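Some notes on the structure that comes next.
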Amino acid sequence: MIIISRRDFDSISLHASQSLPNEACGLIAGTYENGMKIIRKVYLLENKDLSPEHFSIEPRRQLACIKDMRTLNLSPLGNFHSHPSTPARPSEEDIRLALDPKASYLIMSLMEDEPVLKSFSIANGQAVQEELEISESEKGL
Ligand SMILES: [Zn+2]
């Protein structure tokens, strides 16, 4: 299970709508507690591809984020990207490009009125949805 605060959910959602018509992307970092992943920081990044159908992150930006995570004592948990007009599930390309079986791959769909966020783990060409909870309380996080 992975837990995200309402505030981080909202900032991903804002980033995703501001990036339209293109996909938005970023990294997530946090801690492992009682077998759960808790997102404590999201990095809103530029989609280098400027495309509505795929995304990539500048390696140098990614490295800077990883350094920041180390400074804050957070673990890299995975990444997120948006699907402007398709459902929140990994595309064939998303699956092909997912190289870390331990990572959480979050996808936010903007195809409906309300943004829908789902998380997946991807290994051996297979995406498995992971339970995602939006935490309304700041205290729990
Ligand atoms: Zn995708």
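Please read all numbers here as calculations on a predicted model, not as lab measurements.
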To the nearest 0.5 Å, what is the distance between CG on Asp49 and CD on Glu58?
10.5 Å
For the residue pair Leu117 and Ile107, establish whether any side-chain heavy-atom pair is separated by less than 4.5 Å.
no
Heavy-atom closest pair, residues Phe120 and Gln129:
CD2-CA, 3.6 Å
CD of Gln62 to OG of Ser56, rounded to nearest 0.5 Å, is 10.0 Å
Residues pairing under side chain to side chain donor-acceptor pair (under 3.5 Å) where one sits in residues 82-100, two or more places apart or in two chains, turn out to be His81-His83, His81-Asp94, His83-Thr86, His83-Asp94, Ser91-Asp94
Apply salt bridge (charged side-chain N to carboxylate O under 4.0 Å, His left out) to Glu130 and list each qualifying residue two or more places apart in sequence or on a separate chain.
Lys37
Please confirm whether the backbone N or O of Phe9 pairs with a side-chain atom of Ser13, one donor and one acceptor, at under 3.5 Å?
no
Would you sort out whether Tyr43 and Met69 count as a side-chain contact (heavy atoms from CB on, under 4.5 Å), showing the intermediate values?
CA-CA 10 Å; Tyr43 297 84; Met69 292 173 201; 3.4 Å; yes
Note, Glu23 side chain near Pro84 side chain (heavy atom, < 4.5 Å)
yes
Val116 versus Met108: any side-chain heavy-atom pair under 4.5 Å?
no
Determine the minimum heavy-atom distance between Ile2 and Ser104, stating which atoms define it.
CD1-OG, 3.6 Å
In terms of side-chain heavy atoms, does Asn22 have a donor or acceptor partner in Ser51 at a distance below 3.5 Å?
no
According to a hydrophobic-cluster definition based on side-chain heavy atoms being under 4.5 Å apart (Ile, Leu, Val, Met, Phe, Trp, Tyr only), do Leu27 and Leu72 belong together?
yes
side-chain contact (heavy atoms from CB on, under 4.5 Å) assessment of Tyr32 paired with Leu77:
CA-CA 9 Å; Tyr32 292 91; Leu77 296 181; 3.9 Å; yes
Rounded to the nearest 0.5 Å, what separates atom CD1 in Ile134 from atom CD1 in Ile39?
10.0 Å
Quick check: closest heavy atoms across Cys25 and Ile57, and the distance to 0.1 Å?
SG-CG1, 3.7 Å
Considering all heavy atoms of both residues, which atom of Pro87 and which atom of Met111 are nearest to each other, and what is their separation?
N-SD, 3.3 Å
Donor-acceptor contact present, side-chain Asn47 to main-chain His54, <3.5 Å:
yes
Heavy-atom donor-acceptor pair, Asn34 side chain to Met36 backbone, under 3.5 Å
no
Measuring from Ile38:CD1 to Met1:CE, what's the distance to the nearest 0.5 Å?
8.5 Å
So, taking the atom named CD1 in Ile3 and the one named OG in Ser119, what distance separates them when rounded to the nearest 0.5 Å?
11.5 Å
Among all residues two or more places apart in sequence or in another chain, which pass the salt bridge (charged side-chain N to carboxylate O under 4.0 Å, His left out) test with Asp68?
Lys41
With a 4.0 Å cut-off on N to O distance, would you call Lys118 and Glu131 a salt bridge?
no
In Å and rounded to the nearest 0.5 Å, what is the CG to CD1 distance from Leu74 to Ile28?
11.5 Å
With a 4.5 Å cut-off on side-chain heavy-atom distances among I, L, V, M, F, W and Y, is there a chain of contacts connecting Leu20 to Phe80?
yes
How close do Ser121 and Pro101 get, heavy atom to heavy atom, and via which atoms?
CB-O, 4.4 Å
Passes side-chain contact (heavy atoms from CB on, under 4.5 Å), Asn79 versus Leu45? Steps please.
CA-CA 10 Å; Asn79 66 28; Leu45 302 177; over 6 Å; no
Hey, does Ile4 have a side-chain heavy atom less than 4.5 Å from the side chain of Leu132?
yes
Please report the C-alpha distance between Cys65 and Leu63 in whole Å, then the side-chain angles of each, then the deciding distance to 0.1 Å, and finally whether the side-chain contact (heavy atoms from CB on, under 4.5 Å) criterion is met.
CA-CA 5 Å; Cys65 293; Leu63 204 61; over 6 Å; no
Sidechain N-carboxylate O distance under 4.0 Å for Glu136, Arg6
yes
Is there side-chain contact between Ile12 and Val42, with at least one heavy-atom pair below 4.5 Å?
yes
